[in-house]
Every structure is written in structure tokens, then in C-alpha cells.
Number of protein chains: 2
Amino acid sequence: MSSYHPLTEQEAIEIAQSIDGFFPAGASLSCKEIGDGNLNLVFHITDSVSGKSLIMKQALPYAKVVGESWPLTLDRARIESEKLILEGKLAPGLVPVVYKYDKELALTVMEDLSDHVIMRHGLIGGTRYPLFADHISTFMARTLFFTSDLGMNQQEKKLQVKTFINPELCKITEDLIFDDPYTVTPNNNISPAIADAADALTRDGELHFEVALLRDKFLTNAQALLHGDLHTGSVFATPESTKVIDPEFAFYGPMGFDVGAVIANLLLNYAGQEHWSADDLARSDFRQYLLNTIVDTWKQFEEKFRALWNEHGIDRLANSAPGYQDFYMRRLLQDTIGFAGCKIVRRIVGLSHVADIDRIPDDAKRERAQRLALEIGTRLIKLNRNAASIEQLIEEVKAASK
Amino acid sequence: MSSYHPLTEQEAIEIAQSIDGFFPAGASLSCKEIGDGNLNLVFHITDSVSGKSLIMKQALPYAKVVGESWPLTLDRARIESEKLILEGKLAPGLVPVVYKYDKELALTVMEDLSDHVIMRHGLIGGTRYPLFADHISTFMARTLFFTSDLGMNQQEKKLQVKTFINPELCKITEDLIFDDPYTVTPNNNISPAIADAADALTRDGELHFEVALLRDKFLTNAQALLHGDLHTGSVFATPESTKVIDPEFAFYGPMGFDVGAVIANLLLNYAGQEHWSADDLARSDFRQYLLNTIVDTWKQFEEKFRALWNEHGIDRLANSAPGYQDFYMRRLLQDTIGFAGCKIVRRIVGLSHVADIDRIPDDAKRERAQRLALEIGTRLIKLNRNAASIEQLIEEVKAASK
């Protein structure tokens with residue numbers, strides 16, 4: 001079973017039984033394939049007697065992202081598995097535990113998190129996650145700091161850059177986030193109702209200039225090992241627990257891209273509350289909760305990142321040069337705001353949308369949510385290099401919401 | 001002969017004879033090892049009858065850079081050879097032709113340039129190189145542009161980043177250029193006469209801040225495939241010809257590091273003219289020639305780089321965003337000035353000095369040259385992020401020379 005082929009459910013069970021000590025000997029396992037069949041097979045394997053279960057994720061050698069089949073190397077399974085294992089060391093408890101990785105089969109066997117829900121769906125359903133800001137800020141501070149030139153051996157970091165060169169998945173981001181929304185292309189997915197706003201994006205020179213700078217950072221700035229796709233659909237959550245999943249987009253890039261992804265997706269939910277909250281008071285209350293979560297996430301991230309730097313910083317000059325840490329953190333905030341803006345815009349006019357907004361059944365409300373998201377996104381992109389505090393982001397959101 | 005061992009002269013001759021069609025059949029070749037025995041063996045192989053000759057460079061698995069022997073992987077020979085071959089394609093005529101590369105032996109067989117002299121020695125001897133600015137600006141514009149995200153396929157670029165990960169050689173730069181000169185360490189090499197000026201470098205917070213930012217760019221900014229050590233000792237020149245050699249420090253880094261290296265070494269010679277020029281008039285005349293060469297190098301580089309971008313730019317947004325090219329070129333000038341400053345400073349107080357200054361026999365003149373170089377270097381570092389034109393660099397040099 002060691003040469004690559006898509007597994008059957010029976011084969012998945014056999015592999016699960018071979019993992020030493022996980023299931024009781026002789027357990028009668030059941031298996032269900034629960035993936036969407038697009039990029040990966042996902043097997044859920046359970047033992048009803050012991051109550052134990054696990055997940056097996058196998059990469060498929062193609063994707064159906066843009067209508068037709070699109071070949072993808074299985075190397076992304078290696079990247080995902082190696083990144084998950086590293087995250088588990090740097091941020092234990094905040095990612096699923098990996099039990100086994102089989103390179104030949106492009107297969108990762110990991111902790112079953114079916115007691116959690118995808119956070120995006122939780123937020124749409126009005127669930128609050130009071131520990132999320134604490135958890136995600138810890139996850140980001142630790143995974144970003146300890147993979148950067150501030151927190152790890154700088155020669156080993158270069159070898160890690162090499163391990164995580166990820167051209168195929170980066171290309172998806174480069175096209176879908178940093179190009180398509182600003183030009184006319186059939187890859188875009190634009191509601192006719194907002195055609196005027198989408199068209200304006202293609203003619204806004206100031207916006208293009210800022211996006212070009214952010215695209216350049218994404219292409220060239222090997223600052224830390226990113227998750228690379230850190231939206232609320234990549235987070236399994238309960239009010240008590242946060243687990244970050246699916247790091248197949250991992251590569252060395254600018255830290256603000258991960259932090260910005262979290263903030264962008266909270267703001268997309270904010271825009272979608274146009275509909276999801278039952279009445280004006282509930283909407284305004286949930287929106288305030290989301291804004292508070294954004295501020296808490298940034299502030300706790302900054303505090304934790306600085307604390308790690310002060311305790312574990314390995315770069316003599318970065319540790320000692322007066323004002324350098326403050327400059328670094330301000331630049332990181334600016335990047336965060338800029339990338340957050342790009343991630344919002346692409347979810348409104350680009351190929352891939354979010355349920356927070358697209359599933360609003362009422363046409364007028366969905367259009368209002370889309371326009372609000374675009375207004376927030378473009379404001380953040382234009383603010384980015386001038387920002388000095390997270391409160392400025394909140395001010396832009398409030399100004400856009402008026 | 002395929003497993004690694006340092007070659008004897010006889011073995012070198014046998015390899016030379018095996019290169020199809022280079023030497024006439026049955027030629028009686030002579031061989032001389034002309035390296036300094038420190039990092040590489042260099043064999044000069046000639047056929048007195050045909051007049052043909054070639055150079056064989058073999059990497060040694062150690063270096064004697066810091067007194068004791070220091071192990072170095074032979075992978076640097078692969079990097080050097082692959083970079084030379086790529087440079088030969090991108091900038092034909094401006095690098096030695098590679099005839100053969102033997103990975104096992106860490107051996108590169110290349111064009112003999114013994115009709116050229118090392119440009120540093122030429123400049124010390126008062127030779128002018130009227131075509132140098134044209135040649136080196138072409139070399140830099142083409143090698144940097146066509147290996148960047150502006151000028152090559154962005155997914156292939158990522159694979160090239162991987163090929164040229166070069167931790168060992170980068171560490172030498174990180175330590176010797178971006179750390180040691182600003183702290184107290186036995187790695188430094190400081191003339192007692194300038195102990196006060198060297199000490200001031202260790203206590204200048206503004207300087208440390210700027211150097212920390214430049215160090216960060218060197219560590220994280222995978223902008224283009226650099227030569228990585230582009231000083232006037234890496235250039236073989238005649239008044240009519242320029243050949244760039246020794247790219248073993250090649251890696252993906254900030255473009256300004258290469259451009260700054262050229263300018264820094266012209267300025268080190270400028271500072272050394274304190275002695276090398278026979279009289280005041282000759283000195284001032286040669287110095288003006290050097291400053292003109294710096295201005296010409298930058299201006300021609302910028303013009304050629306922009307022309308390549310306008311004709312061959314592959315990044316839609318970078319090509320079309322209003323003002324982006326101007327911003328990019330200004331930032332590149334700023335990086336160039338900052339890196340030039342760092343490269344000057346390290347040649348005065350760091351481990352490795354330059355003959356332009358160190359070989360000045362008169363103590364007082366050498367000290368004046370060292371102090372002038374340090375003054376120029378620190379001024380450029382402090383100028384870098386505020387610079388908008390190459391003339392500002394010239395003004396700083398003139399102010400330092402008063």
C-alpha cells in the first residue's frame with residue numbers, strides 16, 4: 001500500500017489499525033469519507049466501543065478550483081504535515097495532534113476534532129468565542145516569532161525556507177488575492193448588483209499602488225513561516241478551545257499576512273451581520289464583540305510577540321538597537337492592516353467568497369453587506385502604511401459603516 | 001577521479017585534456033596552481049604552442065578565514081558554477097565562460113582572464129576604466145531584473161530561491177558586515193590609531209537602528225539573485241573589458257546589496273587616494289573620476305533597469321500601478337546607499353580590510369583615509385531611508401571630505 005493511490009475506506013481502516021496503541025486491539029472500526037472531494041479525501045474513523053476516533057487526510061493530485069481539473073503536486077501534503085507538526089511543538093494544544101504521516105500516500109493521520117465546529121459557521125450562527133483572541137494571538141506570536149530571524153538560528157531558518165518553498169499554493173494567493181480583484185478577468189465572481197463597485201476597483205490607481213506594494217511583500221519577504229490561509233474556515237472552535245487546521249499554504253512570507261487573515265475574516269463576518277443578527281440591537285452588539293475581538297487579538301499578539309522577543313530574541317542588533325522593536329511592531333501592524341484589506345476585497349469580487357456574506361438570502365441585505373465589506377477593505381488598504389495603532393483600523397470600520 | 005579530493009596539477013591537466021575541442025589533440029599542457037590556498041585551488045593551464053589556456057577552480061572543504069580552519073561545504077562550488085552559468089546567459093561577455101562543471105570534484109573549468117587585472121589593484125595603480133560604469137550597470141540591471149519577480153516566472157523564481165539557499169556564505173556576511181563592526185568582538189580588526197572612531201560605532205544608537213533595518217533586509221528580502229560579493233576584487237578589468245568573477249556568495253537578497261557593493265568599493269578607493277595619488281591635483285582629479293563613475297553607474301543602472309521593466313516586465317500590477325516603478329527605484333537607491341555605507345564601515349574596522357587603504361605605508365595618511373572612509377560610511381547609513389537621488393550620496397561624500 002506504499003505507492004500513491006486514493007485510498008478506499010477499507011484501506012483507511014487498515015492503516016488506522018496499524019497505528020500502535022491508538023485503537024484497542026481487535027477493535028471493529030467504521031470509516032466514512034467526509035471530504036468535499038475537491039482537493040483531499042478526508043476519512044473519519046471511529047471505534048464505537050472505546051469511543052476513540054481519528055481523521056485521515058489524503059491529498060488528491062488535482063483540484064477542481066476553477067471549474068476544470070487542475071493538477072497539484074502531492075508535495076502540499078508534506079508541507080501541510082510538516083507545518084502541523086511544527087505548530088504542535090511551537091503552540092501545543094492549538095492544532096490537531098499528528099499521529100502519523102505517510103509521504104508516499106500523501107496521508108496525514110491526526111486528532112479528530114468533530115466536537116469542534118468551523119469557526120466561520122459558529123460566528124454566522126451567533127456564537128461568541130471569548131478565548132479566541134487569547135488562543136489565536138498565542139498561536140500567531142509563537143509560530144511567527146520562533147520561525148523568524150528574531151527567534152531561531154538564522155542559518156537553520158534558511159534551510160527551513162527551502163523546505164517550505166510552495167510555488168503552487170502561493171500562485172493561488174498571488175492570482176486570487178493580489179491580482180484578479182483589480183482587473184477584468186473571468187476568474188472574478190462578481191454579483192451584478194455591485195458591478196459598479198467592482199468596476200471602481202479596476203480603476204483606482206491609489207489602490208493599485210498599495211496592492212502592488214503588498215503583493216511585492218508577499219512575493220519577496222521571507223519573514224516567518226506562515227500558515228498562509230488563516231481564515232475562520234481554517235479554525236475549529238468551541239467557546240473553550242481553538243484548533244488551527246489546514247496549513248497547506250504554508251511558506252515563508254510576511255507575518256502580517258497571517259494576522260491580517262484573522263482580522264479580515266472577523267470583519268467579513270462583521271459586514272455579514274447585516275443579516276445574520278436578528279435585530280438592530282443584536283447586530284450592533286455582535287459587531288461590537290467582533291471589533292473588540294480584533295482589538296484584543298492585535299493587542300495580545302503584540303504583547304506576546306514582544307515578550308517572546310525580550311526573552312528569546314537571538315539577534316544581537318535587533319535586540320539592542322534603540323527603537324527597533326517599536327519600528328518592527330508598527331510595520332507589522334501596517335502590514336496586517338494592508339493584508340486584511342486585500343483579503344476582504346477578494347472575498348467580495350474574487351473567485352472564492354465566504355458564507356458569512358454569500359449565504360445571506362435577502363438580495364438587498366447581501367448587497368449592503370458586500371458594499372460595506374468592499375468599503376472596509378479598500379479603506380484598510382489605503383490606510384496601511386500610515387497606521388500607527390489598531391484603533392485606526394477600528395475608526396475606518398466605523399466610518400465605513402456609517 | 002570522480003570522488004572528491006584536492007586535485008594534483010597532473011590530474012588537472014588530464015581533466016583539461018578531456019574537454020572536447022578546447023586544446024588541440026596531443027597538446028603538451030603546463031599547469032600552475034595560482035590560488036592563495038585559502039578557500040580554493042586555482043589551476044592555470046596553458047598550451048604554449050596554440051597559446052590557449054584555461055582556469056580550473058576547485059573548492060576546498062575548509063577556509064582559513066578567522067585564523068583557524070573553518071569547515072565549509074563544497075556546495076558553494078555548485079552555487080558559484082550555477083550562478084556563473086546563469087550570469088553568462090543574462091549578461092554575456094561580462095563573466096568568464098564556463099567550459100565544464102564537475103559536481104563531485106567541486107570543480108569549475110572556465111575562461112582564462114589573465115590578460116585582465118583585478119580592478120582594485122588597477123584603481124590603486126591609478127588606472128581609469130571608462131567603460132566600467134556601462135558594463136557593470138548592464139551586468140547588474142540584467143542579472144537582478146531577470147531573476148526577480150518583475151522579470152521572470154514567479155513560480156520558477158521560488159524554485160531558484162531554493163537552489164540558491166546559501167546559509168554558510170550568508171553567515172559570513174551577516175557577522176562581518178551586519179554585526180561585528182557595531183560591537184566589541186575579537187573578530188574586529190581595528191588600527192589602534194582609530195580606536196576612538198571604532199568605539200564610537202559601538203555606541204551610536206541611530207546607526208544601530210539603521211544597520212538593524214538593513215540587516216533585516218539582508219536576512220529576509222528575497223528580491224533577486226545577487227552576486228553577493230560584488231566588490232572591485234571580484235572584477236577582472238581592462239580599460240575595454242569587465243568580467244565579474246567569484247559569485248560563491250550568491251543568494252536571493254535585496255538588489256541594493258550588489259549595487260551598494262560596487263559603490264562602496266569605489267568610495268574605499270576614493271578614501272585611499274589620500275596616498276595613492278601623487279599630488280593634490282592628481283588626487284582630486286582621480287577622486288572626481290571615481291565620483292563620476294559612481295553617478296554614471298547608478299544612473300545607467302536605473303535607466304537600464306527601467307527599460308528592461310518597461311519591455312519585459314511580467315507582473316501585471318507592478319507594470320500598471322501608477323507611481324509604483326518610481327517608488328521601487330527610489331527604494332532601491334535607498335537600499336544601495338545604506339548597504340554601501342555598511343560595506344565601507346566593515347572594511348575599516350571589521351575582520352577583512354581592503355588594500356586600497358590598508359597598504360598605505362604612511363601611518364598618518366592611512367589613518368586619515370580610514371577616518372574619511374568611516375565618516376563616509378556612517379553618513380551613508382544615516383542618509384539611506386531619506387535619499388531621493390544619487391547626488392545626495394555625492395554631497396555626503398563631499399561633506400565628509402572637508
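Not measured: the values here are computed from a predicted model. Below, read A as the first sequence line, B as the second, and so on, with proteins coming before strands; counting in each chain starts at 1.
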| query | For B:D149, is it the side chain, the backbone, both, or neither that has a heavy atom closer than 4.5 Å to a heavy atom of chain A? | reply | side chain

| note | Max heavy-atom pairs within cutoff under 4.5 Å with chain A, candidates B:K217, B:R316, B:K162, goes to B:R316

| query | In terms of heavy-atom pairs under 4.5 Å, which option from B:T183, B:L159, B:N166 contacts chain A the most? | reply | B:T183

| said: To check you understand the geometry: which heavy-atom pair defines the closest contact between A:K158 and B:P167, and what is its length? | reply: CD-CA, 3.7 Å

| task | Write down the atom of B:C170, the atom of A:Q155, and the distance for their closest heavy-atom approach. | result | C-NE2, 4.4 Å

| request: Mind listing the closest non-hydrogen atom pair of A:K157 and B:L219 along with its distance? | output: NZ-O, 3.3 Å

| query | So B:L317 and A:E174, side chain to side chain contact (heavy atoms under 4.5 Å, CB included) or not? Walk me through it. | reply | CA-CA 11 Å; B:L317 205 52; A:E174 288 155 21; over 6 Å; no

| request: Drop me the distance from B:T220's OG1 to A:Q154's CD, to the nearest 0.5 angstrom. | output: 10.5 Å

| Under 4.5 Å from any heavy atom of chain A - which part of B:L213 | both

| query | Just how far is it from atom CG of A:N153 to atom NZ of B:K171, taken to the nearest 0.5 Å? | reply | 7.5 Å

| field | Pick from B:S320, B:G323, B:A222 with the largest number of heavy-atom pairs that fall under 4.5 Å of chain A | value | B:A222

| request: Measure B:T163 against the heavy atoms of chain A and call it side chain, backbone, both or neither at under 4.5 Å. | output: neither

| said: Is any side-chain heavy atom of B:Y324 closer than 4.5 Å to one of A:H208? | reply: no

| field | Option in B:F327, B:Y252, B:F178, B:F251 with maximal non-hydrogen atom pairs under 4.5 Å from chain A | value | B:F327

| note | Bottom line for A:S148: the part with an atom under 4.5 Å from chain B's heavy atoms is neither

| request: Between chain B and each of A:Q223, A:R215, A:E206, A:E156, count heavy-atom pairs under 4.5 Å; write down the option with the most. | output: A:R215

| task | For A:G205 and B:P322, work out which heavy atoms get closest and say how close. | result | CA-CG, 3.6 Å

